[in-house]
Structures are given as structure tokens and as C-alpha cells.
2 protein chains.
Amino acid sequence: MPRVTIQQVAKAAGVSPSTVSNLLNGRTSKMVPATRQRIDHAIAELGYRPNRAARQLRTGRTQTIGLIVPSVGNPFWGSFARELEVAALEIGCNVLLCNSERNAERERRYVEELWEDGVQGIVLCSSLPSLDHLADLIARGLRLVTFDRPAQAADPESVVSISINNHVGGFLATSHLTALGHEQVAFVSGSLGSLNRVGRFRGYCTALEEAGIDPAAMPTWAPMGDTPFGDFEAAQVGREAARELFSGNGEAPTGIVAVNDMTALGCCRGLRDLGLTVGKDVSVVGFDDIVLADLYDPPLTTVRQPIARMAALALAEAVESENNQEPGRSVLLRPELVVRASSAPPAGSVPEARRGDEALEGDSALR
Amino acid sequence: MPRVTIQQVAKAAGVSPSTVSNLLNGRTSKMVPATRQRIDHAIAELGYRPNRAARQLRTGRTQTIGLIVPSVGNPFWGSFARELEVAALEIGCNVLLCNSERNAERERRYVEELWEDGVQGIVLCSSLPSLDHLADLIARGLRLVTFDRPAQAADPESVVSISINNHVGGFLATSHLTALGHEQVAFVSGSLGSLNRVGRFRGYCTALEEAGIDPAAMPTWAPMGDTPFGDFEAAQVGREAARELFSGNGEAPTGIVAVNDMTALGCCRGLRDLGLTVGKDVSVVGFDDIVLADLYDPPLTTVRQPIARMAALALAEAVESENNQEPGRSVLLRPELVVRASSAPPAGSVPEARRGDEALEGDSALR
DNA sequence: GCTTGCCGGTGTAACGATGCACCAAACTAG
DNA sequence: CTAGTTTGGTGCATCGTTACACCGGCAAGC
């Protein structure tokens, strides 16, 4: 219970606290081996562990960064959190995890708390259109890295953004379907209240237009509620969307582009509820390439985000170091289409013997 | 950059730091409203946020607990982490997240770091047979809650354990299959190096024996490597297992009990690779009831862990409070079988019109 | 023998917040 | 009018570490 302090170690080793501190901090150049051993021994004997709070108070430094995700319950964010944590471990950093549920208030609260904790920087996985709710903290010197939210013109200059090009992603997903011959392609998403979703939606529109299809004529499912669903309920959204799209009176789509994999899997489940077969009756394309996309039956065609690389980039920007004191440039990576069995030419078209199933796999998020 | 301190606030408000501190800590009983307002105003004006490190150093208290999971990349742990974090938020607690990859060394390292951080307690999701590698820290007063690891006789007295009864779980899963008429039931798992897995395996054996089947005669897939797979690779294990079990020369099973849902889904995928249909040719039962179990095609029969309740219990024990100073009793909850479409009577038996599909759903991990 | 230089450490003042002990001023009671 | 009490706040030591300035002693140099 009573923690061992540096003084006790010093006494036990017969030296001054300063000397112990010197050893602890690698200032061993002028230290005779015998002294060093006595101290090491005392530390081991007493089970001494330096008090972080005291150290931080004195030095002003922390070895912690904050991570705010919509929800680690969503496998995509879970994987991202893991990648970031693994990368952080390698540089001796801890990660404080928070789930914002895509809620601006919670975001604000968490950012404040992390700031109080003295974190080096914060990786904010949020895609709210504006950062106004954090403007004052940013102005005060908060080191903020936004993930999955492309940089906006109005953003404070110091904010770094790491994201894929969602527009390209949405385009890849959609043009894949139009190229297969689909002419009725729906877009399914939770509320379009976040920039990444809007980007994907725009890419979808662009692809349709390029294929000579009017996006406005397409069925789209994206609730406009003020309180967007958290990420965790994404599957539910997909499931409901499938029910609505196919039980309605309008023309049913032959292809669905989902805003992310969980929503896509929800769609698949919804389609199955209706007795439809994914990859035959209806094609579904997801987004993210979570591990489960490949495990699903049928394996899900999706747009892959290079999650490990993005985590490494985000970490590098969130951490204070000598070589990134300059403004830090935002990064927009290119996503990649992974074709699997959930997409095929529309039913009724000339059958083809294609199964891109195993085209790409394995490196998504492994060590 | 230069953080605002309590002194600056005090000066701005024309009071002493003590008074500001008093306000901050709710000692406002004897404080005239005008003073109070001046301070509030100064705080807002300067954007003052108390320095946690200083506060912690002084008071010895933290509002942080540590959470060590095998990997948040695994949806089960992701969901658990989220539940815990949500619960913690409600009592004003932060969660420090670590991924141990089921590695004793990393566990040790993380526990040490969290200890240095001064966390109130640690929720350790690990199921290593012994806690010896943490014995000294526990002896020093570390507040440890193990999750998904039943209490062992040799455990230090102060360690609290929150877990389901894995034996019962394994039994439920397996007897479900034997009751359906399966006589060749395989057990698929990563290395049996953890207590929860062993417990599930034992339950599996018990159920078989009860059905008059010799467990030793059953095909089992559980690599015995010294370096157990991290949780993230669980699906891979299942996939390989399916390939091996069915491409081998021995008698192929008609039913599979997987040690967790990710492994089960991997099995399903592997079976599909082989052209087999889950829920018809082969029955698969998982464990955990992650969100994806219900989304999968076919929806997965599985053993549900009451994750939200367990998270709440774990939090309560990890946190220091007046009402849990006593030893803290370990908890062993009863899991629940959720029957869905991945299990059915073995092919060739009398067909039945059963589809327990939607029997249970919805409350697994939602708010 | 006295200075110089180096070796191997030590003394000490912070870092920012806290909270107990204390105090000056204003009242109140007798 | 004075002792006592309440009101509204302040002074200061302290938490455990750090790092810069400093110091005693010994050997070498002249």
C-alpha cells in the first residue's frame, strides 16, 4: 500500500536521491559500477517503481497519447485501436482509450480530460464536419490528429489529418458494381453527419454519373436524424435498410454500396431475412475490410483501408518528437478495392465465371 | 503551450490559490457568491484546467483504471472494452487500454506500467493458469480483477475474479449438439494454455460422456504450442482446423464446438472453402455471442456471456470505494445458450422443422 | 606547498494542487 | 465593553522526482 519512494531506495543504497534519479534517467556516465549495483539491488529489493505523477509534474512530459474512437465495439475501430496500441508500445507510449459514440459533447469532454491528463497528443477518430467544439483547446496548443476525417479548409492549421480518400473509396466500390452491369445501386449508411460518410457518398454519386446513372433516381438509405447512430449499431442500420429497400414499392436495387463493413454485413443479414442470396440476387460492397469481411459467407467485396499504416502515421503525428515540430502535413491515402464473392453481375445478366475471392488477403491488420 | 496554473487563476480573481482550490473541490460552504463568480470567470477566461499529475501527486488518488485484454481487435474484447469504458465514464473514470496478446511478459509489463500510473485497479482479461508473474505486485497492494478467468485456489486472496462458468458453457454448447443427435463432435480451439479454454473443453468432455460418447475418440483441434495465438488470429485457427478435420483420413465430425465465436466463424469459413454447408452438412456452435454471431450466414448458435453485466461487476471491483474494502468475492456467472441456424440435426437424421434463429437477440451489448 | 582539474556524487529548489491550521474582521451575547 | 463565535478566506508544508549548481577530496603539475 505505501508506495516505495526514491528516498527509501537512496537510503537503502546509501546514496542520495539525486544519484538514484541519475541512474534512473541514464545519467550514468560518472558513476562507479559499485554504486550502480547497490542502487540496482536496492530497487529490486524494495520493488521500487517511480511515481509517474511526480515525474510528470516535474518534467512536464508524459508517455501517453489519447485515442478517441466512435466505439471499440466496432471491429474496425477495435483493430485500429490495437494497431495504434501496438505501435505505441514500441516507442514506450501508453494509450488512453475513449469511445465517443460520434457524439460531439462526449468528444469534447474526452478531449478535455485527456488534455488534463497531459497527453502528448490525441488521435481523434471522428468525422464531424467542424472542429469548432475543440477550437479553444487547439488554440491553447493541443496536439490533435484527426483520423478518418479529411482535412478541411476551415480547420486550425496545427491539426493533422490522416485519412483515406473516401471519395475515391466510394467511387471504387460503386464503379465496381456499375462495371458489373448494375444499374440500380443503393447507398446505405447511418446518418450522413460525418465527413467520411459524405465523402463516400459523393464518390458513389460520381461513379454513378460516370456510368450514366442519375444518383437522385437511386434508392438511398441514410437516416437524417440529429442523433446519429453510434458505430456499434451500424449493423442494425444495414439490416433495417435491406428490409426497407426491398419491401418498399419502388424498384429494388440489384447492388448495394454500404458505408462500412458492419453496415454491409447488416445488409447481408437483412437480405437473407428476405430470402435473397447475396452475391447472386443482390450484390453488396462494404468499406473498411475488417477481418470478418473475409470470413463472411459470402466473403464481402469491400474497400480496404491500410489500417496498420494509418495507425503508424497517426501515432507519429500524435507524439512529440524532434522531427515533427513543423506543422505536420495531412495525409490522404488511397484505398484499395478487394473483390470477393458478395458482388457479381446482376441476376439475369450473362453469367460469368468470376470469383475474385482470394485475390487479396492476409496483410490487413496482422503484425 | 504554457499551461495555466491555479496561481494565475488566483491572481486574476484576486484571491489566494487556496480559495480557487476550495472552489474546485466543492468546499464552497463558506464562500460568498461574488468571490465564487470572480473565480469562475477567471477560470473560463484563462481556460484553466487543473493539472492531473499535480493533483494526483498531492492526493494520491487517480480516476483511472487499467484494462488489459488479449486484443481489442477481437470483437468480443472490443465490446467488453466499450462496455467497461461506458460504465467507467458514468462514475467519472478513465480507462487505460492495453493489449496483451495473451502473453505473460506483456501482461507483466503492462501491469507494471499501469501500477506506475497509479491506477485504482486493473481489470485483467487473461486466463493464464497462474498469477505468479504478478504475485509481487499483488502483494504490494495492487487491486486486481481478473476477467474470464475463474478464481483458482492458489490465487492471492485479494484477487477478485469475474467470469462465467466455462464448464457449464462448454457443456451447454456440446450437449446441444449431442441432443440433436450428433455423435462425432469436434472441439476447436487455439492452444489450451488458458483456464477459460480448459474449462470449456472440460464442459465439452462432460457433455460427451453424459451422452455416452468417449471424448478421447473425438477429433480435437487445439495446438499445444508454447506461444499461443493472440486472440486476433482466432479466426485463422478455426479455418485451418476445419481444413484439417475434414481433409484428414479419420472420421469427419458432424458437429463442431468452437472455443469462441471468432474461431467458430473461422470454422464456418473453412467449411465453406470445402464446399460444406454449415447448419446442414456440419453444425457449428460458438462461444461469446458477439454481435456478428447473429449477423453471420447462417446465424451462429453460441453461448452468450452477459458482457454488460460482467463489465459493470468488473468495474465495481476495480474501483476503490467505501463499500468494497472487504476482500471482494469472486463471481461465476451462468452463461446462456443461444440457438440459431448454424446447428441442426446431423445430415441423414430425421429432418425436423426447427429454426431457433431469432429465439434470443438484441440485449447482448447495447446500451 | 599551492593551484588546477576532475571525479563521483550531493543539496536544493522547483513542478502545481491540496487541505489543515490559522487568522483578521465582523457580529453576538451577556 | 469584552469574550466568544461565526464568516470568509489565506499561509504553508507537502506529495515524489528531477536537474542544475555546487562541493569535498584526491592527483597531477610546477
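Treat the numbers as computed from the prediction; the structure is a model and nothing was measured. A, B, ... follow the sequence lines: proteins, then strands. Residue 1 opens every chain.
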Exercise. Please report the C-alpha distance between Glu112(B) and Arg49(A) in whole Å, then the side-chain angles of each, then the deciding distance to 0.1 Å, and finally whether the side-chain contact (heavy atoms from CB on, under 4.5 Å) criterion is met.
Key: CA-CA 8 Å; Glu112(B) 278 189 11; Arg49(A) 310 258 80 213; 3.0 Å; yes
Exercise. Name the first nucleotide and the last nucleotide along DNA chain D (5' to 3') that come under 4.0 Å of a heavy atom in chain B.
Key: dT7(D) to dG16(D)
Quiz prompt | Heavy-atom protein contacts under 4.0 Å, nucleotides 10-21 of chain C, coded B base, S sugar-phosphate only, - none | solution = BBBBBBBBBB--
Exercise. Go through the structure and list residues passing ring-ring contact (aromatic ring centres under 6.0 Å, His included) with Phe147(B), not counting sequence neighbours.
Key: Trp77(B), Phe80(B)
Self-check item: With sequence neighbours excluded, residues passing ring-ring contact (aromatic ring centres under 6.0 Å, His included) with Phe76(A)
Solution: none
Quiz item: Does a donor on one side chain and an acceptor on the other come within less than 3.5 Å for Glu113(A) and Gln63(B)?
Solution: no
Quiz item: For Ser21(B) and Ser18(B), does a side-chain donor sit closer than 3.5 Å to a side-chain acceptor?
Solution: no
Quiz prompt | For Asp117(B) against Asn94(A), the heavy-atom pair lying closest together | solution = OD2-OD1, 4.1 Å
What N/O pairs connect the protein and nucleotides 23-25 of chain C at under 3.5 Å? Give each pair on its own line.
none

Quiz item: Does Arg3(B) count as lying over the ring of Trp115(A), i.e. NZ or CZ under 6.0 Å from the six-ring centre, within 45 degrees of the axis?
Solution: yes
Practice problem: Give me the bend of the helix from dG1(C)-dC30(D) to dG30(C)-dC1(D), using the axes of the five pairs at each end, rounded to 10°. | Solution: 60°
Quiz item: Should we count CZ of Arg61(B) as having more than 12 external heavy atoms under 6.0 Å?
Solution: no
Practice problem: Apply side-chain contact (heavy atoms from CB on, under 4.5 Å) to Thr146(B) and Ser161(B), showing your working. | Solution: CA-CA 5 Å; Thr146(B) 63; Ser161(B) 152; 3.5 Å; yes
Practice problem: Using the side-chain contact (heavy atoms from CB on, under 4.5 Å) rule, pick out the option among Ile91(A), Val123(A), Ile162(A) that qualifies with Leu315(A). | Solution: Ile91(A)
Self-check item: Arg82(A) and its side-chain contact (heavy atoms from CB on, under 4.5 Å) partner, picked from Val72(B), Val69(B), Leu97(B)
Solution: Val72(B)
Exercise. Grab the NZ-P distance between Lys30(A) and dG5(C) for me, whole Å please.
Key: 15 Å
Exercise. Would you sort out whether Thr62(B) and Val119(B) count as a side-chain contact (heavy atoms from CB on, under 4.5 Å), showing the intermediate values?
Key: CA-CA 6 Å; Thr62(B) 345; Val119(B) 297; 5.6 Å; no
